[in-house]
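Sequence lines set the chain letters: A, B, ... in the order given, protein chains first and strands last, and positions in each chain run from 1. The figures that follow rest on heavy atoms only: side chains count, while hydrogens, waters and symmetry mates do not.
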Amino acid sequence: MDLGDLEHQVLALWETEGTFAASMAQSQGRPAWTFYEGPPTANGAPGTHHIEARAFKDIFPRYRTMKGYHVVRQAGWDCHGLPVELAVEKELGFSGKQDIEKYGVGKFNAKCRESVMRHVDAFADLTTRMGYWVDMDSAYWTMDTNYIQSVWWSLKQIFNAGLLVQDHRVSPYCPRCGTGLSDHELAQGYEDVVDPSVYVRFPVTAETLASKYSHLSLLVWTTTPWTLVSNTAIAVKPSATYCVVSHEGQHYVVAQDLVEDLFGAPIGADGEDNITRYQIMETFSGVELERVGYQRPFDLIDIPQSHFVILADYVTTDDGTGLVHQAPAFGADDLISCRAYGLPVVNPIAPDGTFMPDTPLVGGQFFKKADTTLTDDLRTRGLLFREKPYEHSYPHCWRCHTPLIYYAQPSWYIKTTTIKDRLMTENEKTHWYPETIKWGRYGDWLTNNVDWALSRNRYWGTPLPIWRCENEHLTVVESLAELGELAGQKIDDLDPHRPFIDDITIPCPQCEYTANRVPEVIDCWYDSGAMPFASQWYPRHNFDEFLTQYPADFVCEAIDQTRGWFYTLMAIGTLVFDESSYKSVVCLGHILDEDGRKMSKHLGNVLEPISLMDQHGADAVRWFMLASGSPWQSRRVGHTAIADIVRKNLLTYWNTVSFLSLYARSAPWTPAEGAPPLEQRPIMDRWLLTQAHSLSSQVDAALEDFDTQLGGRLITEFIDDLSNWYVRRTRRRFWDGDPAALSTLHEAIHIVTLCMAPYTPFITERVWQDLFRETQPQLPPSVHLASWPEESLVDAQLQEQMALARRVTELGRSARATSSVKTRQPLGRALISARGWSGLPADLVAEVAEELNVGELLTLDVSDSALVSISIKPNFRSLGARFGKQTPLVAAHIAMQDATELVNMLRTAGTVVYEIEWVDETVTIELADLVITETPIQGWAVAADAGESFALDLEITHDLALAGMARDIVRALQEGRKNAGLQISDRVSVTWSSDNAHIAETISTHGVEIAHEVLALALSQVIGPVTGFPVLGSESEIEANFGIEKV
RNA sequence: GGGCCCAUAGCUCAGCUUGGUUAGAGCGCUUCCCUGAUAAGGAAGAGGUCGAUGGUUCAAGUCCAUCUGGGCCCA
């Protein structure tokens, strides 16, 4: 059974039949259920984790389609952005923007376009292979001219609302890529690093203080020594208490809260007396330090009018020294605080991350590298109080892993903070799966919303459609047509990318100057967040269609998209349409390797998705993603887990199907021949169908609630019921070609196949074609064109009765196992005690009797106390509800009673009343307040569980012994038939010889039965050697020889 | 420093919303059974202080608090 091979056949079938297109055509005009495909970035090879999100993005559209909706599934590709540029740079061996400029922006962008096309092919292959039905022919490409014009249109709406502005701000910046990063990009790139952290002395120059203490310094802690070059001020918290500490001949100003951290506890851990090593000389509040002058540590660049203490509320005394070094060019907080004192912003770092060449000591050095040089210099000059490595997470560029620099630069922003309240209202209305994201991770994110840094100083992206003249007049265009009109030239066919768009100038509509496009492109996250309308080329195309598709009923991606796509979708939707673009969002956990580690090329633990699917089957991988563990949680995926799914689910299902088709063919039987009406079919059949119908309604409810895990569990349980109870119990009827059995199994497989189809589209399609389509050509030509099975026929009473029968069967097996009497040996009787047992239909009791190979199953008669022992336990659930605090007293009282007497009283009178000491009221006990276990007191084999018990009479009478022997003989002969290579329907003639009287008696009394079982037309004794294929006593543990001949 | 999630059998995970006295499944292990789906199937057994501590309650794996460890996200 090669599932990979089977799937390739099914893929070929879908391809030739155009099944996906047929499904879309068939549902045309039905109510829409909308889904947006989050575009994968086409910058690398897809991984196994891509199967996860794509499995979820496939199952719900398939399910909704079966439920009668029309689900448009447009694929999309995220084409722009730094990742693509970086891949191309690497290919071309470039090391920065200068190389790109030299190479030519036009040529470079052409390479980017090429790279995108290449990687999209790899994603398309994965998509097809895993059976993700999404329309790739009509895919949206964010680099498409029409797509870009939609993006422009939306930016113009935002600009007109006054929410797209240019501002100077400190924001994270990648010196390697030469661009600022937005906050959601920042979120992608935190890495744990060890930085040098230094405690530096800043000698106080202010006379008032300096004259009181020798060698007085402000003590400052920083993890970014390179910013010390730009030190402009030192901030203290105005409300905190600071002090002067005398230590080893030096004096330091630090926050009082941190004195012990810095100089040690008064009594050290080793008992040493630190108090003698330092002394607090005086204390004062932070306010008193304001404008105290100091000597900065490096005198390398000119920073006029500065170097004194300022006050800032954001300073804490939790770590460091309580004095914070300020470099306004490199910290958002620093910039705000220093601006308040009119301090200058001096930036010695070039856009490529190196110190300006004319800077002494560190000129030309990369900022991070300068840490060592500067620390060494501080040490030499005796300004270093202490240094220690500091491990923390620091933002890095999410693509090139260069440490980011917080850097003051001009940038375009979308003022999302002004619509924060609207966003929070929209979030309220959104259904998150799992729900905690809504208030937790995502809610927090919205609460702490900052303006969206939209612009990038890069090349391969949607150009910002803003033209600016020398008078700073801004003109925003929404289309090439508008731009052409303004420019007075026909540019409808212009590639809107750089550098072509940069060449278009317009006369400023507001003055006499010429306006040029601003140089920036936009954050590619804006592209993907704009997909609800840009994919439709709205508003220039598909005006009506878009409105029916907005907002989406459902989006789904992994959890890292909370601040990525989920945010940009909601933000742009709210900005442009005043409504979030999705109603429900499923948020998946990440996929880890078998040892719980992230998959990464670096660790070499990556599972290659296509070969994984070819090895185990895409169905198995999909099932794992959808139904194994909690989708919201990170999960470990490996070969073992997937192989288990194949064996436990897919092969069991497949074997059951094979079983049915084997006997349907040999009967022969087809659905056209029909079957007896349901009420005339045996109880097993009625039960199986009621189970199947419950399954369809329960899986329906689970998928309605996006709970693929529950649906999967229900299907697994049903397959187990089907194979290991129904087929096991009903096998004989299939040998006889019983149309009721064949038809029942056929119907049950039909239903479960439909329920499984959205999970495992391949194997169910194969079964649909081979088992259903072949005999019922009137059915839809694909399982994926069929409707969800209608629920009917659910018989709860029958389900409960069967559940009881199966529990009793388990008890019976258990009793047999403890008795060491083989199941093959028939036994005479068993006694059963279980609530509801006496009400079971006789045919159900007969099933249990046959399964256990016991002649009679009798109800244990409680009144016969000589035979039965009763034990009782209080039922706390019912007692607790009534007696509360006094429950233990009542329970103890019940436990003291004579069990048999109490049960008999309750069974006759219904209730018993007690007066119990310490219990205020009269206590009335009912049967329901007890858990009763009845067991026979004779030495039978007994098994009991949860108040139900089973007692097996082990006596083997002469007749039972003969019957047992007959079964042994049948088994030996069946084994012989198989060894002789006979077909299951071959008729035979059997000869036997034996000296054993027991054997002879068995054959004379059970011969007809034996012959029937082994399809023997004759069963005759011979003297001497048997004829035909021999079954010898020496091998079969039966003191007889048999010979089998085909007739 | 903040937020969220997780911690249950050797392993992978259910159960917790709605508290009830014998905590389940699959895999693995041991023993046995069955065999006309058969390189399948079934039963039994061993294996758990439900991360720790405290609290609420007649009763806590389940509710609350604190802590520890792990993960993710943010500063």
Side-chain angles (χ1 to χ4, degrees), chain A residues 1 183 186-188 190 316 318-319 333 392-395 434-445 447-448 558-560 562-563 589-590 592 594 596-598 628-630 632-638 640-641 643-645 647-649 651-652 654-663 666 709-710 713 716-717 720 723-725 727-728 731-732 734-735 809-818 820-824 851 853 873-881 883-891 931 943 945-946 967 970-971 974-975 977-978 982-986 1013-1015:
Chain A
M1 180 65 208
D183 290 87
L186 188 67
Q188 318 278 316
Y190 274 80
T316 69
D318 295 336
D319 54 11
D333 292 326
H392 62 151
S393 66
Y394 188 83
E435 213 187 350
T436 51
I437 307 274
K438 179 177 187 165
W439 307 115
R441 195 174 281 227
Y442 192 75
D444 276 355
W445 166 250
T447 310
N448 300 316
I559 192 156
D560 51 283
T562 38
R563 288 144 206 258
H590 283 129
L592 306 173
E594 275 187 304
R597 297 172 306 175
K598 250 185 189 168
S628 230
S630 288
W632 338 121
Q633 225 135 296
S634 53
R635 290 176 291 164
R636 302 174 179 201
V637 59
T640 352
D644 279 354
I645 287 164
R647 208 169 46 75
K648 191 68 195 156
N649 281 319
L651 284 188
T652 309
W654 185 258
N655 283 340
T656 309
V657 170
S658 315
F659 177 87
L660 172 62
S661 55
L662 175 68
Y663 288 105
S666 85
Q709 186 191 16
L710 175 60
R713 197 166 70 222
T716 302
E717 280 165 13
D720 193 62
S723 163
N724 293 327
W725 184 246
V727 171
R728 178 189 166 82
R731 241 184 307 221
R732 279 170 182 270
F734 288 90
W735 304 345
T809 303
E810 293 220 349
L811 289 175
R813 284 177 184 151
S814 177
R816 275 228 175 229
T818 56
S820 82
V821 177
K822 292 177 181 180
T823 306
R824 214 187 304 142
E851 174 68 17
N853 202 12
K873 282 198 292 189
N875 179 354
F876 281 87
R877 188 189 279 272
S878 76
L879 293 174
F883 300 109
K885 250 189 218 312
Q886 292 168 332
T887 308
L889 294 171
V890 178
V931 178
D945 184 58
R967 293 273 297 249
V970 167
R971 192 183 138 256
Q974 299 289 28
E975 184 79 17
R977 282 181 62 109
K978 195 193 288 177
L982 297 176
Q983 298 294 311
I984 58 167
S985 56
D986 285 344
E1013 283 291 308
V1014 302
L1015 301 185

Participant: Would you say B:A37 has OP1 or OP2 under 4.0 Å from some side-chain N or O of A:Arg731?
Facilitator: yes
Participant: Does the ring of A:Trp735 lie flat against the base of B:G36, closer than 5.5 Å centre to centre with planes under 30°?
Facilitator: yes
Participant: Mapping A:Thr887 and A:Gly880 onto RNA chain B by nearest heavy atom, which one lands closer to the 5' end?
Facilitator: A:Gly880
Participant: Please classify the nucleic acid contact of A:Ser628 as base, sugar-phosphate, or nothing, using heavy-atom distances under 4.0 Å.
Facilitator: nothing
Participant: Could you walk me through whether A:Val1014 and A:Val970 satisfy the side-chain contact (heavy atoms from CB on, under 4.5 Å) test, starting with their C-alpha distance in whole Å, then the side-chain angles of each, then the deciding distance to 0.1 Å, before giving a yes or no?
Facilitator: CA-CA 7 Å; A:Val1014 302; A:Val970 167; 4.2 Å; yes
Participant: Provide, to the nearest angstrom, the distance between the OH atom belonging to A:Tyr442 and the C1' atom belonging to B:C5.
Facilitator: 19 Å
Participant: Taking the same atom, P, in B:U18 and in B:G3, what whole-Å distance lies between them?
Facilitator: 24 Å
Participant: Using the C1' atom on both, measure B:A52 against B:G61 and round to a whole Å.
Facilitator: 14 Å
Participant: Please work out the stems of RNA chain B from pairs that are Watson-Crick or G-U wobble with both distances under 3.5 Å, keeping only runs of three or more consecutive pairs.
Facilitator: B:1-7 with B:68-74, B:10-13 with B:24-27, B:29-33 with B:41-45, B:51-55 with B:63-67
Participant: Work out how far the P atom of B:G47 is from that of B:C33, and round it to whole angstrom.
Facilitator: 23 Å
Participant: Could you tell me the separation between the CZ atom of A:Arg713 and the C1' atom of B:U12, rounded to a whole number of Å?
Facilitator: 15 Å
Participant: Please give the distance between the C1' atoms of B:G24 and B:C4 as a whole number of Å.
Facilitator: 28 Å
Participant: Distance check needed: B:G41 P versus A:Trp654 CH2, whole Å only.
Facilitator: 17 Å
Participant: Which of parallel (below 30°), tilted (30 to 60°) and perpendicular (above 60°) describes A:Phe734 and A:Phe659?
Facilitator: perpendicular
Participant: Is any side-chain N or O of A:Ser723 under 3.5 Å from a base N or O of B:A37, one able to act as donor and the other as acceptor?
Facilitator: yes
Participant: Please give, in whole Å, the distance from B:G2 P to A:Trp445 CH2?
Facilitator: 20 Å
Participant: Could you state the CZ-P distance from A:Arg877 to B:G19, rounded to the nearest angstrom?
Facilitator: 9 Å
Participant: RNA chain B: A:Phe876 or A:Asp720, which has the more 5' nearest nucleotide?
Facilitator: A:Phe876
Participant: Considering non-hydrogen atoms only, spot the tightest contact between A:Gly880 and A:Thr887 and give its length.
Facilitator: CA-OG1, 3.4 Å
Participant: What contact category does A:Arg732 fall into here, base, sugar-phosphate, or nothing, at under 4.0 angstrom with non-hydrogen atoms?
Facilitator: nothing
Participant: Please report the distance, rounded to the nearest Å, between CZ in A:Arg728 and P in B:A37.
Facilitator: 11 Å
Participant: Holding to ring-ring contact (aromatic ring centres under 6.0 Å, His included), I want the full list of residues that pass it with A:Phe876, two or more places apart in sequence or in another chain.
Facilitator: none
Participant: If you look at every heavy atom in A:Tyr442 and A:Thr562, which pair is closest and at what distance?
Facilitator: CE1-O, 3.2 Å
Participant: Mind checking the C1' distance from B:A7 to B:C13? Whole angstroms is fine.
Facilitator: 12 Å
Participant: Whole Å only: how far is the CG atom of A:Leu1015 from the P atom of B:G36?
Facilitator: 11 Å
Participant: Taking the C1' atom in each of B:G2 and B:G10, what is the distance between them to the nearest angstrom?
Facilitator: 38 Å
Participant: What is the distance, rounded to the nearest whole Å, between atom CD of A:Gln709 and atom C1' of B:A25?
Facilitator: 12 Å
